[in-house]
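Working notes for the structure below.
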Protein chains: 2
Amino acid sequence: MRQGLTAASARRVARPTPLRQAVSDALAELIISGTLEPGQHLVEADLAEQLGVSRQPVREALQRLHTDGWVDLRPAQGAFVHVPTQEEATQLLGVRTVLETYSAQLAAQHAKPEHIERLWQLQQEGMDALAESATHRLVAANTALHTYITSVGGNDVLAELITQVGRKVRWYYTPIANSRSKGSWNEHARLIEAIAKGDPERAGEIMRKHTERTRTYRKAIEAEAASA
Amino acid sequence: MRQGLTAASARRVARPTPLRQAVSDALAELIISGTLEPGQHLVEADLAEQLGVSRQPVREALQRLHTDGWVDLRPAQGAFVHVPTQEEATQLLGVRTVLETYSAQLAAQHAKPEHIERLWQLQQEGMDALAESATHRLVAANTALHTYITSVGGNDVLAELITQVGRKVRWYYTPIANSRSKGSWNEHARLIEAIAKGDPERAGEIMRKHTERTRTYRKAIEAEAASA
DNA sequence: ATACAAGCTCCTGCATACAGAATCCCAAAC
DNA sequence: GTTTGGGATTCTGTATGCAGGAGCTTGTAT
C-alpha cells in the first residue's frame, strides 16, 4: 500500500491527549470564570493536588498560560493570575477592532453562497436566543458568528490571533458583554449583507464600528458605575 | 519605611534569570538561524546535553516555543521545528500589514516632538547602513525604526503581537528581507513625515502600502526563482 | 510601641527516575 | 522481492527528590 491517502483517511487517529493541555484548559476556565482571582498566587503543589496530577503537568500548563498572557511568572516566586488594567483593556479592544475589521474584509472577498447561507443561519440563532433572553446561548451565538466570519476569510494565522484576543476581551468584559445585544445583532445583519455583496470596504467599516462600540459602551458603563 | 517608592527605585533588582528562558532564547536563535531545520525532530535529551542542562528546562522552553508557533508538539512524539508553508507566509504578511498600519496610525496620533526627533535619528541610522551596504546593521535599523514607531503608539498589547509576528516574518523571509532596501527607506521618510504632521490616515496608508510591498516582492522573487 | 534581625517554613526551579507508547529493525513467511 | 509480525530500542510524559531562595514569624533592641 504505497499509494497516497486521501485527506480524509489521512486524518490522524485520536492520540492520548497530553495531561498538560487538560490542565491548561482547566486553569484557563477557572481564571475566566473568576474562581481564581486576579493577583492570586498559584501554588503548584496545591493546583496539582486539586486536579489530581503531579506538579510537572501543572508547571507546563502554567508556562503555556504565561505566554498566552493569563498568568504572570515572577522568577523564584511562581505564578500569579494576571491582573488586568484598564489601560490594557483599552489596548486590547483597539487591537481586536483592527483584526476583526480585516477579518470582515477577507470574508467579503472570499465568501461563497453556501457561506452566506450559514451566516444567516447563525444570525437567526442569535435572534432566537435574543428573543428568549437566553444569555448563555446569545454569547455563544455571537462567538460562533464572529468565528465563522473569520473562517470564511481563510486566514488561519488571523483566526488564531482573534481567538486569543477574543478570550481576553471576554474575560475583561464578562459582565457587560451582552448588555447591548439588540443593536449588536442589527449590526450583524448589515454586516452579513455587505459580505454577501462581496463589498470588503463596507464589511470592514461595519465591523470596525461594531467592535468600536464595545469601547463606547464600556465608558458609559463605567461612568454609570462611578456615579451610582 | 512605609512610604511609596518612586517608579525608578521600584524597578526590581536583577533576579536570577530562569534557565528555561535562556534555553528558549537559544533554541529560537538556532531555529531562526537555520541551524535547526524545519521539520527536524527535537529530541529533548540531545538538546539538554548540548546546552548543558537537564531535560526539564528544555521541556518548558519547548512549551513556550510551541505556543509562539516555532515548534509543533505531536503527542507522544515530541517536538518538531515548525515547517512554514507558503500559505502561512502569505497570511502572516496580511496580518502584519493590518497591525503595522494600526501602529502607524496610533503613532501619528500620539507622537510628540521628541519622538519625531528620535525617528529621524533612526532613519539616519538606516540611511548610513544603506550607504555602507552593511546588511546586518540595515536589518537592525529597520527593526528598530518599526519597533520605535509602535512604542510611540503606546499600545503594549499591539507591540507584543507585532514583535511575535515580525519574528516569524523575518524567519520566513530571511534571504529577501533586505533586497529592496533603497525604496523601503524612502517610504520610511514619508512615513515619519506623516507621523510628524499627526496625520493618522496618511501614516496608516503609507505603512499599509509599505508592508504590502513585501508581498509583491515575494511574488516577484519566487517567479524569478522558478524561471531560473 | 516601633524598627530590626535571626530563624523557620514554604515554595520554586532544576535534576533525576520510572512507566508507557511509538518507532525501528530484523527475521520469517508468502 | 514484498509483506508481516515480534522484539528491542528510543523517546516522551509523568512522578518524585533535593537544593536554594523568598517571605513570614518571632524575638530582641532601641
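Being a predicted model, the structure only gives us computed values, none of them experimental. Reminder, nothing fancy here: chain letters follow the sequence lines and each chain counts from 1.
- Rounding to whole angstrom units, CG of residue B:Leu42 and P of D:dT12 are separated by 9 Å.
- Rounded to an integer number of Å, the gap from A:Leu19 CG to C:dA19 C1' is 14 Å.
- The phosphate of C:dG13 (OP1 or OP2) has no side-chain N or O of B:Gln56 nearer than 4.0 angstrom.
- Using a 30° and 60° split on the angle between ring planes, B:His115 and B:Tyr148 fall in the perpendicular class, above 60°.
- What separates CG of A:Leu73 from P of C:dC11 is a distance of 17 Å, to the nearest Å.
- In this structure, A:Leu51 atom CG and D:dA15 atom P are separated by 11 Å, rounded to whole Å.
- Going from atom CZ of A:Phe80 over to atom P of D:dA22 covers 13 Å, rounded to whole Å.
- B:Arg55 places its CZ atom 12 Å from the P atom of C:dA17, with the value rounded to the nearest Å.
- Closest approach to the A:Glu44 side chain among C:dT23, D:dT14, C:dT12 is made by C:dT12 (side chain taken as heavy atoms from C-beta onward).
- Here the side chain of A:Glu44 pairs no donor or acceptor atom with the backbone of A:Arg55 at under 3.5 angstrom.
- Note on A:His41: every side-chain N or O is 4.0 Å or more away from OP1 and OP2 of C:dC11.
- Scanning both residues, A:Ala61 and A:Leu27, for their nearest heavy atoms gives CB-CD1, 4.4 Å.
- Relative to the side chain of A:Pro57, the nucleotides D:dA15, C:dG13, C:dA15 differ in distance, and D:dA15 lies closest.
- Computed from coordinates, the B:Leu47 CG to C:dA15 P distance equals 14 Å when rounded to whole Å.
- Atom CZ in A:Arg59 sits roughly 14 Å away from atom P in D:dA15 (whole-Å rounding).
- Ion pairing between a basic and an acidic side chain is recognised when a charged N comes within 4.0 Å of a carboxylate O; A:Glu100 and A:Arg208 show no such pairing.
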